[in-house]
Asks: 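One structure is given below, represented as C-alpha cells, and several questions about it will come after.
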Amino acid sequence: MILYPAIDLKDGQAVRLVRGEMEQATVFNDDPAAQAMAFVQAGCEWLHLVDLNGAFAGTPVNAAPVEAILKATDTPAQLGGGIRDMATIEAWIDKGLARVILGTVAVENPDLVREAARAFPGKIAVGIDARNGRVATKGWAEETNVMVTDLAKSFEDAGVAAIIYTDINRDGAMQGPNIEATADLARAVTIPVIASGGVSSLQDLILLRDTGVISGAISGRALYDGAIDLGAALKALAS
C-alpha cells in the first residue's frame with residue numbers, strides 16, 4: 001500500500017484544515033517546495049497536492065507553489081482542487097504532474113473525466129469526497145444527493161487510474177480513517193481506491209493495508225504533528 005504525504009495549499013502555504021473548514025487552517029510550512037523535499041528525503045514514492053483555494057474558486061489559484069514542487073523533485077505528484085476543464089488538465093500534465101485529480105467535475109461533468117482518461121491514460125484520478133455517504137463538491141461546500149458507490153461505479157469503464165475517497169468528517173480531525181466505508185468502496189469497484197481523511201497513526205495505516213483491498217492512503221496532519229514518522233511508516237508498509 002502506497003503512503004501519500006499530503007501538501008494542502010492555501011494562500012501559497014502548506015496548511016491543514018479540520019473537516020474542510022477554510023477558517024480552521026493551520027500553517028505548517030510557508031515553503032511548500034521545502035516541505036515536499038522533506039517528504040521525498042524521507043523516502044516517499046508519491047506526493048499528494050491539493051489547491052484548497054482552487055477548489056473553492058473553481059480554477060487553479062496555487063499554481064506557483066505547485067510548479068515549485070514539480071521543479072524541486074522528480075517524485076511523482078498528484079494534484080486536485082479547481083481542475084475543471086481539459087485545458088487545465090493538459091497544462092498540468094505538460095508541466096510534469098503525474099496524476100490529475102478530478103472531484104467536483106466528476107459529479108457535474110462526468111464526460112470530461114472520461115475524455116481526460118482516454119486522452120491521458122493512467123494520469124486521471126477521481127476524487128470522491130463524502131459526508132455521511134453522500135458526495136460533496138466545490139471544496140466540500142455543497143452536498144449532493146449522489147451516493148459514493150454509485151458515482152464510483154459509474155467510472156468503472158472509464159479507465160481512471162484511482163479513486164481517492166475522503167470521509168470529510170474524519171479529515172484533519174485525527175480520529176482515524178473510516179476503514180469500513182473505504183474498504184466497502186474498494187470491494188465494490190475494480191478501480192484502485194486510495195483512503196483519505198483521518199489517518200492519524202501507524203496503526204491506522206496498518207489496518208488500512210490489512211484490509212487487502214485498499215491501494216493507498218493519504219496522510220497530512222499526522223505527519224506534520226509527528227504522530228506518524230514518515231520514514232518508519234514507509235518501512236512498516238514495505239515489509
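Since the model is a prediction, treat every value here as computed from it, not as a measurement. Basis for what follows: all heavy atoms, side chains included, without hydrogens, waters or symmetry-related copies.
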Asks: Please name all residues satisfying salt bridge (charged side-chain N to carboxylate O under 4.0 Å, His left out) with D51, sequence neighbours left out, ordered by chain then number.
Replies: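 So D51 forms no salt bridge (charged side-chain N to carboxylate O under 4.0 Å, His left out) with any residue.
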Asks: Following the transitive rule for hydrophobic clusters with a side-chain heavy-atom cut-off under 4.5 Å over Ile, Leu, Val, Met, Phe, Trp and Tyr, establish whether I69 and Y224 coincide in one cluster.
Replies: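 Yes, because I69 and Y224 connect within a single hydrophobic cluster, where side-chain heavy atoms sit under 4.5 Å apart.
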Asks: Which atom names give the shortest non-hydrogen contact between Q175 and N169, and what distance separates them?
Replies: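 Closest pair (atom of Q175, atom of N169, distance): OE1-O, 4.3 Å.
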Asks: Side-chain contact test, heavy atoms from C-beta onward, threshold under 4.5 Å: evaluate it for L185 versus T149 and give yes or no.
Replies: yes
Asks: Which residue is it: V105, I191, V113? I am looking for the one with a side-chain contact (heavy atoms from CB on, under 4.5 Å) to V126.
Replies: V113
Asks: Let's go through L3 and C44 carefully: what are the C-alpha distance in whole Å and the side-chain angles of both, what is the deciding distance for side-chain contact (heavy atoms from CB on, under 4.5 Å) to 0.1 Å, and is it a yes or a no?
Replies: CA-CA 7 Å; L3 175 56; C44 72; over 6 Å; no
Asks: Which distance, rounded to the nearest 0.5 Å, do you find between the CG of D129 and the OG1 of T104?
Replies: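 Interatomic distance, D129 CG to T104 OG1, rounded to 0.5 Å: 7.5 Å.
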Asks: Any side-chain donor paired with an acceptor under 3.5 Å for D204 and S200?
Replies: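 D204 vs S200: donor-acceptor pair found between side chains.
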Asks: Look only at the side chain of D229 and the backbone of G231, and say whether a donor-acceptor pair between them is shorter than 3.5 Å.
Replies: yes
Asks: Sequence neighbours left out, what passes side-chain contact (heavy atoms from CB on, under 4.5 Å) with D30? Give chain and number order.
Replies: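 Listed in chain order: Q13.
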Asks: Is the backbone of R84 close enough, under 3.5 Å, to the side chain of T88 for a donor and an acceptor to pair up by distance?
Replies: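 Side chain of T88 to backbone of R84, a donor-acceptor pair under 3.5 Å: no, none is there.
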Asks: Cluster question for you: counting only ILVMFWY and a side-chain heavy-atom cut-off of under 4.5 Å, with indirect links fine, are V50 and I89 together?
Replies: no
Asks: Taking all heavy atoms of A116 and all of L102, pick out the closest pair and write down the distance.
Replies: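 For A116 and L102, the tightest heavy-atom pair comes out as CB-CD1, 4.4 Å.
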Asks: Through direct or indirect side-chain contacts below 4.5 angstrom among Ile, Leu, Val, Met, Phe, Trp and Tyr, which residues connect to I218?
Replies: I2, Y4, W46, I101, I164, I194
Asks: Using 0.5 Å steps for rounding, measure from the CZ atom of R118 to the CD1 atom of I124.
Replies: 11.5 Å
Asks: Flag the pair I163 / P192 as yes when at least one side-chain heavy-atom distance between them is below 4.5 Å, and no otherwise.
Replies: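 Not touching, per the 4.5 Å side-chain cut-off.
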Asks: Under a 3.5 Å cutoff, is there a donor and acceptor pairing between the side chains of T190 and E156?
Replies: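 E156 and T190 do have a side-chain donor-acceptor pair below 3.5 Å.
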Asks: Are the side chains of L207 and Q203 in touch, meaning some heavy atoms are under 4.5 Å apart?
Replies: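 Answer yes - side chains close enough.
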Asks: Counting C-beta onward and ignoring hydrogens, is there a side-chain heavy-atom pair between V15 and T26 closer than 4.5 Å?
Replies: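 A side-chain contact is absent here, since even the closest heavy-atom pair is not under 4.5 Å.
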Asks: Nearest 0.5 Å please: distance from the CG atom of L79 over to the CZ atom of R99.
Replies: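 Taking CG in L79 and CZ in R99, the distance rounds to 12.5 Å.
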Asks: For residues G96 and L70, report the shortest heavy-atom separation together with the two atoms involved.
Replies: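 Minimum heavy-atom separation between G96 and L70: O-CD2, 4.1 Å.
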Asks: Provide the closest heavy-atom pair for G220 versus A6 in the form atom of the first, atom of the second, distance.
Replies: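 Residues G220 and A6, closest heavy atoms: CA-CB, 4.0 Å.
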Asks: Going by heavy atoms in the side chains, are R114 and D157 under 4.5 Å from each other?
Replies: yes
Asks: Step by step, work out the side-chain contact (heavy atoms from CB on, under 4.5 Å) result for L112 and M86.
Replies: CA-CA 7 Å; L112 177 64; M86 274 299 276; 3.4 Å; yes
Asks: Determine whether V135 and F56 fall in the same hydrophobic cluster, where Ile, Leu, Val, Met, Phe, Trp and Tyr are linked whenever their side-chain heavy atoms lie under 4.5 Å apart.
Replies: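 No; F56 is not reachable from V135 via cluster members.
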Asks: Can you confirm whether F39 sits close enough to L223 that some side-chain heavy atom of one is under 4.5 Å from a side-chain heavy atom of the other?
Replies: yes
Asks: Is the shortest heavy-atom distance from the side chain of L49 to the side chain of Q78 under 4.5 Å?
Replies: no
Asks: Under 3.5 Å, is there a donor-acceptor pair between the side chain of T59 and the main chain of G82?
Replies: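 Pair absent, no side-chain N/O of T59 close to backbone of G82.
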Asks: Other residues, nucleotides and ligands only: do more than 12 of their heavy atoms fall within 6.0 Å of CG on D74?
Replies: no
Asks: Answer with yes or no whether the hydrophobic clustering places M1 together with L230; edges join I, L, V, M, F, W, Y residues whose side-chain heavy atoms lie under 4.5 Å apart.
Replies: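 In one cluster with M1: L230, yes.
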Asks: Compare every heavy atom of L208 with every heavy atom of P177, then report the nearest pair and how far apart it is.
Replies: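 Heavy-atom minimum between the residues: CG-CD1, 4.0 Å.
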Asks: Flag the pair D150 and K153 as a salt bridge only when some basic side-chain nitrogen lies within less than 4.0 angstrom of an acidic carboxylate oxygen.
Replies: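 No, D150 and K153 are not salt-bridged.
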Asks: Going through the checks in order, is the side-chain contact (heavy atoms from CB on, under 4.5 Å) test met by R221 and V18?
Replies: CA-CA 9 Å; R221 181 174 289 275; V18 177; 3.8 Å; yes
Asks: Take I93 and K123, measure what side-chain contact (heavy atoms from CB on, under 4.5 Å) needs, and give me the verdict at the end.
Replies: CA-CA 8 Å; I93 290 171; K123 293 182 179 291; 3.9 Å; yes
Asks: Looking at CZ of R134 and CG of L151, how far apart are the two atoms once the value is rounded to the nearest 0.5 Å?
Replies: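 Rounded to the nearest 0.5 Å, the CZ-CG separation comes to 13.5 Å.
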Asks: What distance separates N62 CG from E67 CD, expressed to the nearest 0.5 Å?
Replies: 11.0 Å
Asks: Just how far is it from atom CE of M37 to atom CG of D31, taken to the nearest 0.5 Å?
Replies: 11.0 Å
Asks: Would you kindly confirm whether I168 and V146 end up in one hydrophobic cluster when ILVMFWY residues are joined by side chain heavy atoms under 4.5 Å apart?
Replies: no
Asks: Could you tell me whether D167 and R131 make a salt bridge, using a distance below 4.0 angstrom between a side-chain N and a carboxylate O?
Replies: no
Asks: Would you please say whether a donor-acceptor pair under 3.5 Å links the side chains of S196 and T166?
Replies: yes
Asks: Looking at L52, V61, V66, N53, which one forms a side-chain contact (heavy atoms from CB on, under 4.5 Å) with L9?
Replies: V66
Asks: Measure the shortest side-chain to side-chain distance between M22 and L17 over non-hydrogen atoms and say whether it is less than 4.5 angstrom.
Replies: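 When only atoms from C-beta onward are counted, L17 and M22 do touch, with a gap below 4.5 Å.
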Asks: Taking all non-hydrogen atoms of both residues, which atom of A117 and which atom of A158 are closest, and how far apart?
Replies: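 Smallest interatomic distance, heavy atoms only, reads CB-O, 3.2 Å.
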